[in-house]
Amino acid sequence: MEQRHLGRTGLRVSRIGLGTLTWGRDTDEHDAADLLKTFWEAGGNLVDTADVYGDGEAEYLLGQLMDGLVPRRDLVISTKAGSVPDPDRRVDGSRGHLLSALDASLARLGTDHVDVWHLHSYDPATPLEETLQALDIAVASGRARYAGVSNFCGWQLARAATWQLAAPGSRARLASTQMEYSLLQRGVEREVLPAAVDTGIGLLPSSPLGRGVLTGKYRGDAMPPDSRGASAHLAPFVEPYLDDTASRIVEAVTTAADGLAVTTLQVALAWVRDRPGVTAPVVGARNARQLTAALSVEALSLPDEICRALDDVSAPVHRYPDHDWSTL
């Protein structure tokens with residue numbers, strides 16, 4: 001699998017990442033082992049997790065698999081910290097919490113360092129400088145090789161990146177940002193992507209297949225019984241992308257796929273993988289068969305005319321101040 005630099009750093013990662021959101025909950029140890037082995041054998045190295053996935057079970061399971069199935073040195077492990085199961089404070093970006101969470105992640109993973117450590121979300125209740133200092137300490141201590149953020153809007157990302165760049169050598173520059181990005185969700189194009197490109201940060205899109213909708217499995221009101229849309233706890237996650245707008249985009253992707261003699265999944269994933277500023281979409285497959293289908297996109301590059309057609313049909317409405325005011 002082709003590799004790309006993560007932002008403006010020397011770290012190279014596979015241009016498709018493996019997500020572990022459901023590990024330890026919907027994905028058991030046997031399926032997880034099949035997924036990791038399939039990904040590794042295909043040349044993938046970027047594996048993304050978080051301390052809250054499966055209440056820590058995803059990290060623990062990944063650590064167990066690294067112990068005997070796949071060599072730790074062959075993987076780029078990315079994890080996240082900051083989300084907390086507190087309805088009154090969903091994010092804790094305090095230095096104390098973050099560093100404690102990192103130590104707990106390392107213990108579950110069974111490793112002395114993670115390759116990329118992400119802040120899971122912006123915490124408005126903690127000074128950003130304090131939050132970012134946790135990244136600096138993690139990198140300086142060797143517990144994390146690189147640092148990033150997740151779910152930061154445009155101004156938050158620009159502010160964080162600029163702060164880190166203001167003191168080169170003493171602060172860890174941001175290598176990456178994780179955000180949802182697909183043909184069904186292009187909101188990052190407003191300000192997040194421009195900020196990331198300008199400050200040398202690589203984008204790791206989550207849900208690049210529109211939470212599974214862009215595979216075409218829900219066309220015509222279909223609801224496969226083994227799908228996330230039919231799952232009691234994941235149905236609310238899928239439901240926002242089952243509207244008429246999404247259906248129109250899925251039909252366009254299907255038409256493109258038929259014309260290229262490939263699958264709907266391949267077209268949707270190739271589109272986001274090759275968008276400007278994107279380093280590696282993170283795919284959360286349920287089993288090795290689904291992952292193999294996603295990894296088959298490696299050989300596909302969409303023709304320019306197909307990309308333009310998909311851009312047009314999925315174009316979000318961006319008005320003032322996102323566009324040059326003189327054209328409005």
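What you are looking at is a predicted structure, and each value in this text was computed from that prediction instead of being measured.
No side-chain donor from either of Asn151 and Gln156 sits under 3.5 Å from a side-chain acceptor of the other. Using a 3.5 Å distance cut-off with no hydrogens or angles, the side chains of Glu59 and Thr79 do pair a donor with an acceptor.
With contacts defined as side-chain heavy-atom distances shorter than 4.5 Å, the pair Glu298/Arg15 qualifies. Leu174 places a side-chain heavy atom less than 4.5 Å from the side chain of Leu135. Between Trp40 and Val47, every side-chain heavy-atom pair lies at or beyond the 4.5 Å cut-off. Contact check for Val238 versus Tyr218: side-chain heavy atoms found under the 4.5 Å cut-off. The closest side-chain heavy-atom distance from Arg143 to His113 is not below 4.5 Å. Taking the side chain as every heavy atom from C-beta outward, Leu36 and Leu62 approach each other to under 4.5 Å.
Annotation: cation-pi pair Arg171/Trp163 present, NZ/CZ under 6.0 Å from the ring centroid and within 45° of its normal.
The main-chain N or O of Asn287 is never found under 3.5 Å from a side-chain atom of Asp31 such that the two would form a donor-acceptor pair.
Arg273 and Pro281 make their closest contact through CA-CG, 3.6 Å (heavy atoms, listed as atom of the first residue, atom of the second, distance). Nearest heavy atoms, Val116 versus Ser176: CG1-OG, 3.7 Å. Summarising the geometry of Arg89 relative to Ala125, their closest heavy-atom pair is NH2-CB, 4.5 Å, with the distance given to 0.1 Å. The minimum heavy-atom distance linking Asp51 with Ala101 is given by the pair OD2-CB, 3.7 Å.
The pair Arg289-Asp34 does not meet the salt-bridge criterion, since no charged nitrogen lies less than 4.0 angstrom from a carboxylate oxygen. A salt bridge links Asp311 with Arg275; the closest basic N to acidic carboxylate O contact falls under 4.0 Å. Using a cutoff of 4.0 Å between basic side-chain nitrogens and carboxylate oxygens, Asp55 and Arg25 are not scored as salt-bridged. The residues Arg159 and Glu129 are annotated as salt-bridged, a charged nitrogen and a carboxylate oxygen being separated by less than 4.0 angstrom. A salt bridge links Asp115 and Arg72; the closest N-O separation between the charged side-chain nitrogens and carboxylate oxygens is under 4.0 Å.
A side chain to side chain contact (heavy atoms under 4.5 Å, CB included) with Val91 is found for exactly one of Thr126, Asp123, Thr131, namely Asp123. Among Leu18, Ile77, Val13, the one residue that satisfies the side chain to side chain contact (heavy atoms under 4.5 Å, CB included) test with Asn45 is Val13.
In the hydrophobic clustering of ILVMFWY residues, with side-chain heavy atoms under 4.5 Å counting as a link, Val149 and Val139 come out apart. Under a hydrophobic-cluster definition in which Ile, Leu, Val, Met, Phe, Trp and Tyr are linked whenever side-chain heavy atoms come within less than 4.5 Å, directly or via other members, Leu109 and Leu46 are assigned to different clusters. Residues Trp23 and Leu295 are members of one and the same hydrophobic cluster, defined by side-chain heavy-atom contacts under 4.5 angstrom among Ile, Leu, Val, Met, Phe, Trp and Tyr. Linking Ile, Leu, Val, Met, Phe, Trp and Tyr whenever their side-chain heavy atoms come within less than 4.5 Å puts Leu183 and Met179 in one cluster.
In this structure Ser94 satisfies the side chain to side chain donor-acceptor pair (under 3.5 Å) test together with Asp92, sequence neighbours excluded. Remark: Arg4 engages Asp274 in a salt bridge (Lys or Arg N to Asp or Glu O under 4.0 Å) (not counting sequence neighbours). For Arg173, there are no salt bridge (Lys or Arg N to Asp or Glu O under 4.0 Å) partners, not counting sequence neighbours.
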